[in-house]
Amino acid sequence: MAEHEDLDALWRKARPDDLASLRRLDTALVRSGYQVEGKTVREWIAELAGDRIRWFDGRDAHDRVCQAGLAAVPALIEALARADQEASWQATRNMLGQCVAALGTIDPLPTCAIPALLAVLRQPVARVRRMALAVLTRMRPRATPMALRAVLPCLKERGDTPTRMHAAQVLAAMQDPLPDEVRVAALSLLGDAHRAVRREGLHVLARFPRDEGVLTALEEQAILDDENRNEALRVLSLLAPARAIPRLLEVASSARSRRQEDGPPPPSWRGPLGETRRLEDGKRALLFIARLGVQGAEALASLDALRAVEVLAPYVDAVMDDITRAVLRQQAPPLRTDRFQEPLCAALLADVAWPVERTEEPSLALRQWLESLAAFGTEVVVRVALAAARRVLGLWESQDPNNDWSRRAVMAMDRWLCEPSEEHAAQVAEVGNFTPSQFCAPDAFSAAWSVNYACGCVPRPSASVAPRPPDVDPLGACVHAACRALSRRSVITFALGASEESPEPLSPHASAREVHRAIVDEVLSWACGAWDPVKDTPRLREALRADGWRVPGARLRAAEEGRPPGFP
């Protein structure tokens, strides 16, 4: 009994960032004869030498090692250290690759294995080095001299483009401020022959926000690098919004039909495919402005003029609404805590029973909470669904900006909430009936389905010929799809595509918490009577238009200084 209690205590104390705690657990498990499906962890690891190098191999050995979780980490690190002792070179390669893949699959990520993965970068096998770099990107190592000595040489692998790209991703993901030698290395990447490497170099430069040389380099890259123009402007907008907005508006205005006086178009905009690329670039530029929030308010007057460009109109309206909503949030009074005891507010603030076991789906923990909110009526249901869908909408738009069905659907839901008429319900049913392609990236695929399900929360018009399936809970499905989108997992079926526009995915647990937070932030302000993110936005937009788009300067300065908007 005492030994069993000791094991339980060691399991609880096991930390993914503390190798010593995992070694104590490993020692105790070995002493107790711990096995996974009839074999010890080390026996399963020994079988990895016979498996091919492949992510998520699906064979028993790999699956059983990952099933052991953090308990397998010490043995995996030992196997990496002695991989060169395998009988054959092929077995050595397989062992290295499979151990790295297992360390990148275990949840939570064992960051205590970072030194062992850095040592793998000295191996001559290019594929193993790339796998190690990919895992290091997810683990976000600190910018220590040891880490920099291991990663920076990978940027000089001239014959290996993927390795250079992955090495830049590790540098961009590192914790702590980066030293000047990294800035110099990133600037050199802007002249690389391969577009993907130049793009990752831009992400490394995003880590140097107050460097005038970096800002100038980003402006020049937006002019010189046709293939990465928008990415250079996106990074510039994060570091210096005032310098990026005029250039983003210029790219957006280029989406209209070009005139002779505009001069020759860049090479990437020539021909039939170039026309599509030009429209995508223009719409993405608008989305970048929308992400600036209050700092994008100086673009409102120019955006209003761009509404005349028919192909841009839905996105211009959306961007103006997003900026106006951010201004409204900045001006909002503090939430009235005296109303937190009211039934709806209390339901919104109720604790969620998050799962303890990693095998449970975290998004399903929100089901009971959503059911309690649904009891307050249709308007609350639609607002909750709209908040979840709005949180992930950008994942779809950034990857397929020319398809504006999801954005139109969200705007139609806004109109229905402002005026719940049969006509507006019919508009929601029409534009919300959009099925994304299975060849989308998983996050975009799930984001589009989240919007689709959100539209199902709006009561169908009486004349509708397509009633909602009775076995589908649209609110639960909407929130579940939003959680899957943030963790870059497909919903309903497999999504087979991929996109470099996809952000770093959150863990399933973190994604569920993020969607929960987005719902509370948007709906609680309305439930407390502080402000309404849906109905107050068009009102403020009309007021700003009437006032010549002048936003109070004090509010803008507060936003630039990062002061809180006055509510959680």
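Keep in mind that what you see is a predicted model, and the values were worked out from it rather than measured. One-based numbering along the sequence shown.
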Discussion item. Between Arg307 and Met320, is the side chain to side chain contact (heavy atoms under 4.5 Å, CB included) condition met? List the steps.
Written reply: CA-CA 10 Å; Arg307 293 183 72 254; Met320 296 178 75; 3.9 Å; yes
Worksheet entry | Candidate pair His166 and Gln169, rule side chain to side chain donor-acceptor pair (under 3.5 Å), full reasoning | CA-CA 5 Å; His166 286 305; Gln169 290 173 346; 3.1 Å; yes
Discussion item. Test side chain to side chain contact (heavy atoms under 4.5 Å, CB included) on Ser253 and Val309; report intermediate values, then the result.
Written reply: CA-CA 8 Å; Ser253 64; Val309 183; over 6 Å; no
Discussion item. Applying side chain to side chain contact (heavy atoms under 4.5 Å, CB included) to Val451 and Leu393, what does each step give before you reach the verdict?
Written reply: CA-CA 7 Å; Val451 176; Leu393 177 60; 4.1 Å; yes
Fill in: Leu303 vs Leu249, side chain to side chain contact (heavy atoms under 4.5 Å, CB included): CA-CA, chis, key distance, verdict
CA-CA 8 Å; Leu303 289 169; Leu249 288 171; 4.0 Å; yes
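Among residue pairs with one or both ends in residues 443-458, those qualifying as side chain to side chain donor-acceptor pair (under 3.5 Å) are Gln399-Asp443, Asp443-Ser502; sequence neighbours excluded.
Between Glu379 and Arg383 there is a salt bridge, since a side-chain N of the basic residue sits under 4.0 Å from a carboxylate O of the acidic one. One finds no salt bridge joining Asp317 and Arg407 here, because no Lys/Arg side-chain nitrogen approaches an Asp/Glu carboxylate oxygen to under 4.0 Å. Using a cutoff of 4.0 Å between basic side-chain nitrogens and carboxylate oxygens, Arg539 and Asp536 are scored as salt-bridged. Under a 4.0 Å N-O distance rule, the pair Glu231/Arg234 qualifies as a salt bridge. Checked for salt-bridge contact, Arg158 and Asp192 meet the test: a charged N lies under 4.0 Å from a carboxylate O. A salt bridge between Arg183 and Glu212 is absent, with no side-chain N of the basic residue lying under 4.0 Å from a carboxylate O of the acidic one.
A distance-only check finds no donor-acceptor pair linking the side chain of His516 to the backbone of Leu366 [under 3.5 Å]. Checking side-chain atoms of Asp322 against main-chain N and O of Arg291 turns up no donor-acceptor pair under 3.5 Å. Side-chain atoms of Arg489 do not come within 3.5 Å of backbone N or O of Arg484 as any donor-acceptor pair. Asp176 places no side-chain N or O within donor-acceptor distance of the main-chain N or O of Arg142, the cut-off being under 3.5 Å. With hydrogens and angles disregarded, a donor-acceptor distance shorter than 3.5 Å links the side chain of Arg284 to the backbone of Ser398. Between the side chain of Arg278 and the backbone N or O of Ser254 there is at least one donor-acceptor pair closer than 3.5 Å. In terms of modelled atom types and a separation under 3.5 Å, the side chain of Arg140 and the main chain of Ala173 share a donor-acceptor contact. Between the side chain of Thr216 and the main chain of Gly213, no donor-acceptor pair closer than 3.5 Å is present. A donor-acceptor pair is defined here as one N or O able to donate and one able to accept, closer than 3.5 Å; such a pair exists between the side chain of Gln438 and the backbone of Phe494. Under the 3.5 Å distance criterion, the side-chain polar atoms of Arg138 are matched with a main-chain donor or acceptor of Gly104.
The minimum heavy-atom distance linking Ala447 with Ala485 is given by the pair N-CB, 3.7 Å. Scanning both residues, Ala385 and Cys457, for their nearest heavy atoms gives CB-SG, 3.7 Å. The shortest non-hydrogen separation linking Asp226 to Arg277 is O-NH2, 3.5 Å. Nearest heavy-atom pair across Ala206 and Val235 is CB-CG1, 3.7 Å. The shortest non-hydrogen separation linking Val479 to Ile519 is CG2-CD1, 4.1 Å. The two residues Leu300 and Trp549 have their closest heavy-atom pair at CB-CE3, 3.6 Å.
Note that CG of Leu233 is 8.0 Å distant from OG of Ser237, once rounded to the nearest 0.5 Å. Here the straight-line distance linking atom CD of Gln427 with atom CD of Glu423 works out to 5.5 Å at 0.5 Å rounding. The distance from the CD atom of Glu298 to the CD1 atom of Ile245 is 3.5 Å, given to the nearest 0.5 Å. Residue Leu205 holds its CG atom at 11.0 Å from CG of Leu236, rounded to the nearest 0.5 Å. In this structure, CH2 in Trp405 is found 11.0 Å from SG in Cys455, a value given to the nearest 0.5 Å. The CG atom of Leu328 sits 11.0 Å away from the CG atom of Asp321 when rounded to the nearest 0.5 Å.
The environment of Arg545 atom CZ is dense: over 12 non-hydrogen atoms of other residues, nucleotides or ligands sit within 6.0 angstrom. Few gaps surround CD on Glu501; more than 12 heavy atoms of other groups in view lie less than 6.0 Å from it.
Relative orientation of the Phe434 and Trp396 rings is perpendicular, given thresholds of 30° and 60° on the angle between their planes.
The only member of Arg408, Lys535, Arg390, Arg541 that meets salt bridge (charged side-chain N to carboxylate O under 4.0 Å, His left out) when paired with Asp414 is Arg390.
Residues Val523 and Leu373 have side chains not in contact (no heavy-atom distance under 4.5 Å, counting atoms from C-beta outward). The shortest distance between side-chain heavy atoms of Leu148 and Pro179 falls below 4.5 Å. You'll find the side chain of Pro503 reaches within 4.5 Å of the side chain of Leu395, heavy atoms only. Two residues are said to be in side-chain contact when any heavy atoms from C-beta on lie closer than 4.5 Å; Arg130 and Leu133 fail this criterion. Looking only at side-chain heavy atoms (C-beta outward), Arg195 and Glu500 come within less than 4.5 Å of each other. Using a 4.5 Å cut-off on side-chain heavy atoms (C-beta onward), Leu171 and Glu200 make no contact. At a threshold of 4.5 Å between non-hydrogen side-chain atoms, the residues Met174 and Val151 count as touching. Two residues are said to be in side-chain contact when any heavy atoms from C-beta on lie closer than 4.5 Å; Leu215 and Leu239 meet this criterion.
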